[in-house]
Number of protein chains: 2
Amino acid sequence: MDMAWDDLRTVLALVRHGSLAGAGGALGVNYTTVARRIRRAEDVLGLALFERLADGYTPTEMAHMIAEHAAQMEQAEDALMRRMKGAETQLSGPLVITASQLLIANFLTPVLDQFTTRYPAVELRILATNDLLDLSRREADLAVRISRTPGDELTGLRLLSQDTASFASPDWAARIAQDPHAMIDWVVYDATPDVPKGISPDYPSTQVRFRFDDMVALIGAAQAGLGVLRMPMFLGRTISGLEQVPVLPPRSYSDIWVVGHPDVWPSAKARAFREVLVAHCKANRALFVA
Amino acid sequence: MDMAWDDLRTVLALVRHGSLAGAGGALGVNYTTVARRIRRAEDVLGLALFERLADGYTPTEMAHMIAEHAAQMEQAEDALMRRMKGAETQLSGPLVITASQLLIANFLTPVLDQFTTRYPAVELRILATNDLLDLSRREADLAVRISRTPGDELTGLRLLSQDTASFASPDWAARIAQDPHAMIDWVVYDATPDVPKGISPDYPSTQVRFRFDDMVALIGAAQAGLGVLRMPMFLGRTISGLEQVPVLPPRSYSDIWVVGHPDVWPSAKARAFREVLVAHCKANRALFVA
DNA sequence: ATCCATACATGCGTTTTCGCACGAGACAGA
DNA sequence: TCTGTCTCGTGCGAAAACGCATGTATGGAT
């Protein structure tokens, strides 16, 4: 008659992940434990929640209903954990930050250095990913993002304005300077598969040579001399083996923000991190604009 | 870092009940288990949730915050359990009905008899109380109530219209018939402490003799000849030792409803019970009106 | 056809959790 | 003052839950 809440949570995990092992991984328990909890839940309810198939557990309609409500319970738990984190006043324990690989590797490392020096008791964890993590689900406490992600109910602080420009390897730069009318190859990002708009009329001949789905690979291609690349100013200036070329005049691009969930925002650790971050941004503002 | 959901539920129970034993009783576990779970939760969070005082555990602000969110989780669980109950199609297992003591004792017993005869596999449980149980929290599946309780988001079915009238012991009835102008004593309910409105002008002298806080006691007083009592028609007619007296002409009173939560309403057992109930009400409609 | 990866079932030994029994301290009523 | 009742803490043995290791079935790639 009465269900254990942890069993509801287990049903949710299994519905989400489709296999005992996946659910167990998400819950931090052995997969046999997941199997046992599911069996217990089915015994208590007196009905089957999953069909045992060769390729995993397939949820029944009833399991979906349970998962739906367990997800609501999870939301309440997330909100609780966020609020508890937001109420923390001590400068110790875990703090999770996320930003894109390139932002971290090419601009944020001094912030991390300063922060861990000033607050050695804080266990700082960095999630370097381009995925937009869900701060409501506590995947991270703070995120440094290009443009404040709308839709989410997040608090944000604008850190920097930035421009983009065109960059290329030194030999490409020399070639372009020598003959502006020669054909100029571009390497571009999959998401924006055409030659950038706003190319100066002084360089009339352009073509796309490669499309990449990954920015790191794209930079490697530009360094190797495969073509010209449009990228944020700070990246082109920071990364070795690239020079700015005048093909694409600098243009304003999306701002850089630090965002967080309003529940977590006021915590001492988040506040301290923002302080170090803002100082570093102020000191290096010129790096980002033409 | 990660909290067990059952521990959150335990914190909620302890905040609600104030003592380990009370919380344990509500959860169906030994009170030492409650103490252990609380200690574990505090260890995981690294902060105190309760102050240990001589007269019980006093929740800290943080415990109240946890309880607040755990209550939301409980609501989601309640909704789930209701929906699962509503989806049940078999005519076996538990079914919980609530109604006032007097309604059960004096009118509903044949319904219970017929129902258990027709559906012997159903474990019928009766909560005979005047308290308005919370059907959203699954304290009962169906309730037979005088007037459909508004405010609640309940589904209802009108069963009967009813009148009230005045009743008294046989000797009081004889006295009133003999001398309408003599002083007539009333016994009344605390909630309506005055002599009922609408007394016939043929009986000009009335006074309140006793006030009671309990309807069963009130009926006993009327039977013992302590005075005249206004009561629902069906009660006066059903209970022995009382006769209707013409002091108070019959007047329309609140209807009788069967109500339930819309989630639970469509379940086979609830449907079957209503069927038997409605038939019995239809057959005895005349008992309720003048 | 063979090999490998994935997914689950089962049995065993260990760890954790739980309920019970006993004792201490506070408080109210006789 | 004594007694009964309420509260909680602690120690012990039983019960439940858990992780690990092993075995089986299925499907895809070589």
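Remember, it's a predicted structure, so these values are computed and weren't measured experimentally.
Taking atom CG of D43(B) as the reference point, atom P of dT16(C) lies 14 Å away to the nearest angstrom. The distance between atom CZ of R37(B) and atom C1' of dT16(C), rounded to the nearest whole Å, is 13 Å. N30(B) places its CG atom 13 Å from the P atom of dG9(D), with the value rounded to the nearest Å. Between D7(B) atom CG and dT16(C) atom P the separation is 15 Å, expressed in whole Å. Counting to the nearest Å, the P atom of dT7(D) and the NE2 atom of H17(B) are 12 Å from each other. In this structure, R40(A) atom CZ and dC18(D) atom P are separated by 6 Å, rounded to whole Å. When rounded to the nearest whole Å, the span between CG of D6(B) and P of dC18(D) equals 11 Å.
Pairs passing the side-chain hydrogen bond (donor to acceptor under 3.5 Å, both in side chains) check and including a residue from residues 210-222 of chain A, sequence neighbours excluded, do not occur.
Put simply, the residue from R82(A), R83(A), K85(A) that forms a side-chain hydrogen bond (donor to acceptor under 3.5 Å, both in side chains) with D263(A) is R82(A). Partner D131(B) forms a side-chain contact (heavy atoms from CB on, under 4.5 Å) with one of T129(B), D134(B), L127(B) and no other, that one being T129(B).
Residue-level contact check: R36(A) touches the bases, meaning some heavy atom is under 4.0 Å from a base atom.
Side-chain nitrogen and oxygen atoms of T33(B) include none within less than 4.0 Å of the OP1 or OP2 phosphate oxygen of dC18(C).
Ion pairing between a basic and an acidic side chain is recognised when a charged N comes within 4.0 Å of a carboxylate O; R52(A) and E42(A) show such pairing. Residues D141(A) and K269(A) are not paired through a salt bridge, judged by the lack of any N-O separation under 4.0 Å between the basic side chain and the carboxylate.
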Check nucleotides 6-9 of chain C for protein N or O atoms closer than 3.5 Å to its own N or O atoms and list the pairs.
unit_1, atom_1, unit_2, atom_2, d
dC8(C), OP1, L20(A), N, 3.4
dC8(C), OP1, Y57(A), N, 3.3
dC8(C), OP2, L20(A), N, 3.0
dC8(C), N4, Y31(A), OH, 3.4
dA9(C), OP2, Y57(A), OH, 2.7
dA9(C), N6, Y31(A), OH, 2.5

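If you check the side chains of W5(A) and E77(B), you find a donor sitting under 3.5 Å from an acceptor.
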